[in-house]
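Working notes, beginning with the structure itself.
Throughout, a chain's letter reflects where its sequence line sits, starting with A, and its residues are numbered from 1. Predicted model, so just to flag it, every value in this text is computed and none were measured.
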Number of protein chains: 2
Amino acid sequence: MSKPPARTRLADAAFALFDERGYEQTTIDDIAERAGLGRTTFFRHYRSKEEVIFPDHDRLLELIRDRLATSSHSTALVAVSDAVRLVLLHYIDEGDLARRRYALTSKVAALRDREIASVARYQRLFREFIADWMGDPTESASLRAELMAASVVAAHNHVLRRWLRGESTDPVAEVDEAMREVLALFPAPASPSEPGAGTTIVAFRTGQNIDALLPSLRRLVEEGAKQSGTRVT
Amino acid sequence: MSKPPARTRLADAAFALFDERGYEQTTIDDIAERAGLGRTTFFRHYRSKEEVIFPDHDRLLELIRDRLATSSHSTALVAVSDAVRLVLLHYIDEGDLARRRYALTSKVAALRDREIASVARYQRLFREFIADWMGDPTESASLRAELMAASVVAAHNHVLRRWLRGESTDPVAEVDEAMREVLALFPAPASPSEPGAGTTIVAFRTGQNIDALLPSLRRLVEEGAKQSGTRVT
DNA sequence: TAAAATACGGTACGCAGTACCGCTCGTGAG
DNA sequence: CTCACGAGCGGTACTGCGTACCGTATTTTA
């Protein structure tokens with residue numbers, strides 16, 4: 001007859017009632033009553049009705065912030081890709097709880113919006129990190145940081161949702177693959193000190209119209225040249 | 001002594017009070033009183049306190065949906081880039097109102113979250129459009145659609161926020177440039193029927209490590225080859 | 001053992017949003 | 001002219017979230 005801590009009992013009661021009646025049909029009084037506690041106690045453990053569903057978003061965000069702060073990766077994008085994996089692992093760690101939450105956010109617009117707002121905070125964190133890391137205050141670099149952050153988050157969400165829907169058996173491998181895709185979108189400028197990073201000649205044939213390729217090539221070449229001083233022929 | 005319509009008076013009163021006391025310090029009773037109307041009338045014109053700030057997000061979303069539905073562009077990404085420009089133009093059209101809203105969303109977390117949720121709806125619309133357009137149900141294509149939609153939205157937001165902050169004098173030109181950046185990230189597969197789209201040989205020199213380039217090149221070549229049957233050497 | 005910290009319950013309040021009812025103008029049909 | 005009807009507005013009352021404050025019991029620490 002041991003008593004689980006109040007916080008746990010409240011969460012259990014809440015999810016049970018959400019499953020039975022739905023989120024909006026459940027009041028906080030209902031939850032407290034089912035948990036055998038007072039209404040005041042609920043708010044002592046959770047700031048709002050929504051927070052019982054997203055209990056540790058703040059904590060996770062801080063975790064990611066620390067991870068980035070102490071990160072020592074070769075490029076900003078790799079550091080962010082690495083950090084975002086922590087988020088995925090956190091969800092996977094929650095297991096069934098994450099799936100129940102997904103079921104709720106799929107049905108209740110208010111919860112979906114809340115989830116989206118949380119994700120946006122990660123994206124903002126990433127964007128600021130990348131921008132700081134690049135140290136380049138130009139408008140072009142700023143846009144690039146924005147695109148990078150958005151892509152990483154989108155890739156993560158894509159894999160996460162697949163896993164939440166039960167469409168993925170190995171989400172960690174998938175997120176690695178997805179991050180490779182993102183890294184491929186944003187080729188890293190070469191570090192000049194790196195040995196073996198000399199001039200390289202690449203030739204390939206393609207059926208694509210040259211115009212379709214040009215912007216990508218120009219971008220690659222420009223960024224390589226900016227760092228190493230090679231000439232574009 | 002002409003009387004503006006109630007809806008307008010309510011909006012004016014609301015923004016005036018938000019400026020004076022802040023959003024959270026203003027109650028709906030305050031707004032109705034200042035407008036010389038009853039509280040009931042407020043809710044007859046606006047579903048919530050937030051909606052007086054975002055009055056026509058739904059309408060704009062439908063506008064974009066229609067635009068996409070009747071779009072006849074060469075690629076999905078171009079169609080979406082075109083549609084997203086409508087959003088930017090809408091904001092620019094609002095002029096000072098958009099800037100006042102931005103000032104509010106910058107300060108009030110609840111409003112920022114709401115704004116983000118609205119943006120996410122555009123992104124979802126774009127993602128679905130792109131996925132449908134590609135018609136390719138593979139996981140890779142799905143991720144690609146996700147990345148495209150996220151990038152277009154991120155680029156738009158970037159330009160929009162610059163304009164809202166008064167950092168941009170020609171946002172339309174900027175969004176066009178930003179969209180070119182996004183298009184460059186996702187090279188379009190060549191249409192085989194297009195004349196002049198034969199085999200092209202490209203050679204260039206770069207200071208980058210070949211490994212850094214390889215994923216990008218592979219992606220370009222694969223997609224070109226898939227369509228036109230050229231061989232990669 | 002006294003005091004202080006911790007955890008819980010209860011009451012009361014402010015405000016958002018909903019439901020419902022009643023009033024007053026038009027405006028057009030008979 | 002009058003009656004009916006619909007549109008726009010106001011008022012009252014209610015539910016429910018979230019906050020503030022106070023009182024009480026149990027445990028911990030000095």
Query raised in the report: Does A:Arg39 make a side-chain donor-acceptor contact with the base of D:dG18, cut-off 3.5 Å?
Result: yes

Query raised in the report: Between C:dA16, D:dG18, D:dT12, which one does the side chain of A:Lys49 approach most closely?
Result: D:dG18

Requested in this report: Take atom CZ of B:Phe42 and atom P of C:dG17, then tell me their distance rounded to the nearest Å.
Outcome: 8 Å

Report summary line: Considering only heavy side-chain atoms of B:Phe43, the closest of D:dG18, C:dG9, C:dT18 is C:dT18

Requested in this report: Starting from P on D:dC17, measure out to CD1 on B:Ile28 and report it in whole angstrom.
Outcome: 18 Å

Query raised in the report: Tell me: CD of A:Gln25 to P of C:dT18, nearest whole Å?
Result: 14 Å

**Report entry** Of the listed nucleotides C:dG17, D:dG18, D:dG10, the one nearest the side chain of B:Thr41
**Finding:** D:dG10

Report task. May I ask you to check if B:Lys107 and B:Phe18 form a cation-pi contact, with NZ or CZ under 6.0 angstrom from the six-membered ring centre and within 45° of the axis? Result -> no

Query - Euclidean distance, atom CD of residue B:Glu33 to atom P of D:dC9 [Å, nearest integer] - result: 18 Å

Report task. Rounded to the nearest angstrom, tell me the gap between atom CD1 in A:Ile31 and atom C1' in D:dG16. Result -> 12 Å

Report summary line: Of the listed C:dA16, D:dG18, C:dC8, the closest approach to the A:Ala6 side chain comes from C:dC8

Query raised in the report: More than 12 non-hydrogen atoms from neighbouring residues, nucleotides or ligands closer than 6.0 Å to CD on B:Glu33, yes or no?
Result: no

Report task. Would you please classify the geometry between the A:Tyr46 ring and the A:Phe42 ring as parallel, tilted or perpendicular, with 30° and 60° separating the classes? Result -> tilted

Query raised in the report: What is the nucleic acid contact for B:Thr40, judged by heavy atoms within less than 4.0 Å: base, sugar-phosphate only, or nothing?
Result: base

Requested in this report: Measure the shortest side-chain to side-chain distance between A:Thr8 and A:Asp12 over non-hydrogen atoms and say whether it is less than 4.5 angstrom.
Outcome: yes

Requested in this report: Could you tell me the separation between the OH atom of A:Tyr23 and the C1' atom of D:dG16, rounded to a whole number of Å?
Outcome: 12 Å

Query raised in the report: Which is true for A:Arg47 with a 4.0 Å heavy-atom rule: it touches a base, it touches only sugar-phosphate, or it touches nothing?
Result: sugar-phosphate

